[in-house]
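Take a look at the structure below.
To find a chain, count down the sequence lines: A is the first, B the second, and so on, and within it residues start at 1.
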Protein chains: 2
Amino acid sequence: MGRSEHRGGIQLPVTPTTLADVAERAGVSRQTVSNAVNKPDLLRPDTLERVRQTIAELGYSPNRAARNLRTRTSSLIGLRFTPTQEGTANAAMDRFVHSLVEASEEAGYAVLLFAADDEDPVGGYDNLLRSTAVDAFVVTDTYLGNPQATWLTQQRAPFVAFGRPWDDDAARHVWVDVDGAAGTRLATQHLIDRGHTRIAWIGWRKDSPIGEDRRSGWLTTMHDNGLPTTGLASRVEDVVHSGAEAAAVLLDESAPTAFVCASDTLAMGVLHTLWIRQLAPGRDIAVVGFDDSQVAQVYPVGLTSVRQPLEDVAVEIVRTLRQLLSHQPVETRGVLLEPTLAIRESS
Amino acid sequence: MGRSEHRGGIQLPVTPTTLADVAERAGVSRQTVSNAVNKPDLLRPDTLERVRQTIAELGYSPNRAARNLRTRTSSLIGLRFTPTQEGTANAAMDRFVHSLVEASEEAGYAVLLFAADDEDPVGGYDNLLRSTAVDAFVVTDTYLGNPQATWLTQQRAPFVAFGRPWDDDAARHVWVDVDGAAGTRLATQHLIDRGHTRIAWIGWRKDSPIGEDRRSGWLTTMHDNGLPTTGLASRVEDVVHSGAEAAAVLLDESAPTAFVCASDTLAMGVLHTLWIRQLAPGRDIAVVGFDDSQVAQVYPVGLTSVRQPLEDVAVEIVRTLRQLLSHQPVETRGVLLEPTLAIRESS
DNA sequence: GGCGCTCGTTGGATCGATCAAGGGGGCAGC
DNA sequence: GCTGCCCCCTTGATCGATCCAACGAGCGCC
């Protein structure tokens, strides 16, 4: 019974209203109220109306715990929250999380965040899974040989990865990703359209498949346009000063008129070098970054940058998750989305 | 019973292990197993050991839904996730959320994210509260006259606000905040120590209490040091070009040698103006921002910025929440934490 | 009018944990 | 040897929803 008490003149519920309260008040049984909530078309219209009105009067909401217990679902999606690394510009998590929360909410899910210590990469997942605290996971950090995807697959836990299983052909899980090569193709073609012919690449070290993917977009576009690439590429760590150094070396040795970078962080390094050499970004030398981070948006000159469609990624992930959870056959094993180019003054 | 089946040679649990399974296997009752988990000191050491071993053998984790139903708690903290506005540098959410997740986890809580449409600001809160989906809330957007805090107080819902109830003296809720004035005092004193005497302020419009607070730190420090402030302050919108314009006007009219800004976004505007006028940040003109955003960190020159102790804020919030939830008297109604200054080349 | 069928409704059982009492064994005291 | 007491553990009830099987009213058909 939803008891209540008077306090300070306002009637406040002490125990929340239950299904039984509504049933009694509306003069029907519990099951009928449950049906009114979950399968409205089973009720006669007038009964439905009456029950709904009672629900509104009493301000009833189904108790999550009870529902979860009975249905063995939680309507929660687990996401391990990995913060942006300090000193880099890649703030994709912020935008992605928001998109995921919104997309989930429309599908009736909420997002549960958890952390995980580095010693035990699957610890957090294991806990939530065994205690049936979440229905599914979204895995974001699909770096080379990451253990989470493999482990979750073994456990037959439903999950969708944001990111391709680059190395592992045997991986049978579902993923959504953004076509990085298409992004750098966009960037490179954009620069070619502006008349540039000597376009340099600054990317990540070779052991990053994401970096190599992005690099390939630059490479193929240059080749397709019959433009030179020798001496115009550099692979460094993803920190600002590495980008700056690489830009300095490339400027000295190969005289490029434009740079395509694997990240906004590296692009910032390039801009730094330009600034030191009194070169104007966009006028003297063009620069394009990757991720459309806040840095790209608020940098005084305005950094042109490849923008990942994170909203679409989130929608796609939730759509796929729903298929997985409803035991429908999943249409496609992987979905690749096209990024766009946010053009600003630097190019 | 935790049934299991053979598939692919590996034994996989179909139904998770329950308390009863453990009890049967260990030769004790359900309650004893429950006590072994929750009140270990009630058991005889040898029994405890035996039960614990059985729990480990079977890989048992308590079912969250069942526990939640019985105890009327969820071990979840609700947080409305508001993404960073595009075009601004204030990415505090990212760092704060991570800190909150970590602090919560140590206290046995997880963070539940939800969105809310602007039409119904309390909609998300209401749903989660009535369905007893979360134990408490963390409210971050305590702007002037925000309805959430008031509403939650009325509902007697446990929550802690990140941010002071500026306008509302009647607000009786608990809060944790960062002392913005102390931050700008740090920044201003830092510039004075470097020999600057004409230090300008660029802040937000007057209707922002946070902005006025930060402004007061600059003002008092200037006065305390007997330095002039007339003609050296400007209040604009929190976008880059407004900051740039304000800097231009101030430079022309009052010839400051340093700027203290209410945000990194505005500081970026100042740097833009300096760049246009060929003035070197840090050498010709000093600039200090606020929030220590990624922009400040990766900007080529390195922007000195006030850094909010978000990790400490999160810890303090969780500590306070636990007091609230355990019905202990809360020690203090509000906690004010001191920011630090991240000094870089721009000053 | 009776039969069978459909649709809506009903009471009981169930999910898996914790709460609140109740029971049994061992040890000390007389 | 019996009683009393305490400690440790067990048993039945409960949280609030949904699933299940069965029941009842209304209707059409013969």
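Between E24(B) atom CD and dT11(D) atom P the separation is 12 Å, expressed in whole Å. In this structure, the CZ atom of R72(B) is 16 Å from the C1' atom of dG16(C), given to the nearest Å. Summarising the geometry, the separation between CZ on R67(A) and C1' on dC15(D) is reported as 16 Å, rounded to the nearest angstrom. Rounded to an integer number of Å, the gap from L69(A) CG to dC19(D) C1' is 13 Å. In this structure, the CD atom of Q31(B) is 15 Å from the P atom of dA13(D), given to the nearest Å. Rounding to whole angstrom units, NZ of residue K39(B) and C1' of dA17(C) are separated by 13 Å. The CG atom of N35(A) sits 9 Å away from the P atom of dT18(D) (whole-angstrom rounding). What separates CZ of R50(B) from C1' of dC8(D) is a distance of 12 Å, to the nearest Å.
The phosphate of dC15(C) (OP1 or OP2) has no side-chain N or O of N63(B) nearer than 4.0 angstrom. For the pair T32(B) and dT10(D), the criterion of a side-chain N or O lying under 4.0 Å from OP1 or OP2 is met. The phosphate of dG16(C) has neither OP1 nor OP2 within less than 4.0 Å of any side-chain N or O from T18(B). Between R44(B) and the phosphate of dC8(D), there is no side-chain N or O to OP1/OP2 separation shorter than 4.0 Å. Neither OP1 nor OP2 of dC19(D) sits under 4.0 Å from any side-chain N or O of S34(A).
Heavy-atom neighbours of E57(A) CD from other residues, nucleotides or ligands within 6.0 Å: above the threshold of 12. The environment of R322(B) atom CZ is sparse: at most 12 non-hydrogen atoms of other residues, nucleotides or ligands sit within 6.0 angstrom.
Residue contacts for N68(B): at a heavy-atom cut-off of 4.0 Å it reaches no nucleic acid atom on any strand shown. Contacts of T71(A) with the nucleic acid, taken as non-hydrogen atoms under 4.0 Å apart, involve only primed sugar atoms and P, OP1 or OP2.
Taking the charged nitrogens against the carboxylate oxygens, R130(B) and D126(B) do have a contact shorter than 4.0 Å, which makes a salt bridge. Of the charged side-chain nitrogens involved, none lies within less than 4.0 Å of a carboxylate oxygen, so that R52(B) and E49(B) do not count as a salt-bridged pair.
Remark: the R70(B) side chain and the dT14(D) base include a donor-acceptor N/O pair separated by less than 3.5 Å. With hydrogens and angles ignored, no donor-acceptor pair under 3.5 angstrom links the side chain of R64(B) to the base of dG16(C).
Ranking dT18(D), dT9(C), dT11(D) by closeness to the R30(A) side chain, first place goes to dT18(D).
A tilted orientation is assigned to the rings of H173(B) and F159(B), their planes being inclined by 30° to 60°.
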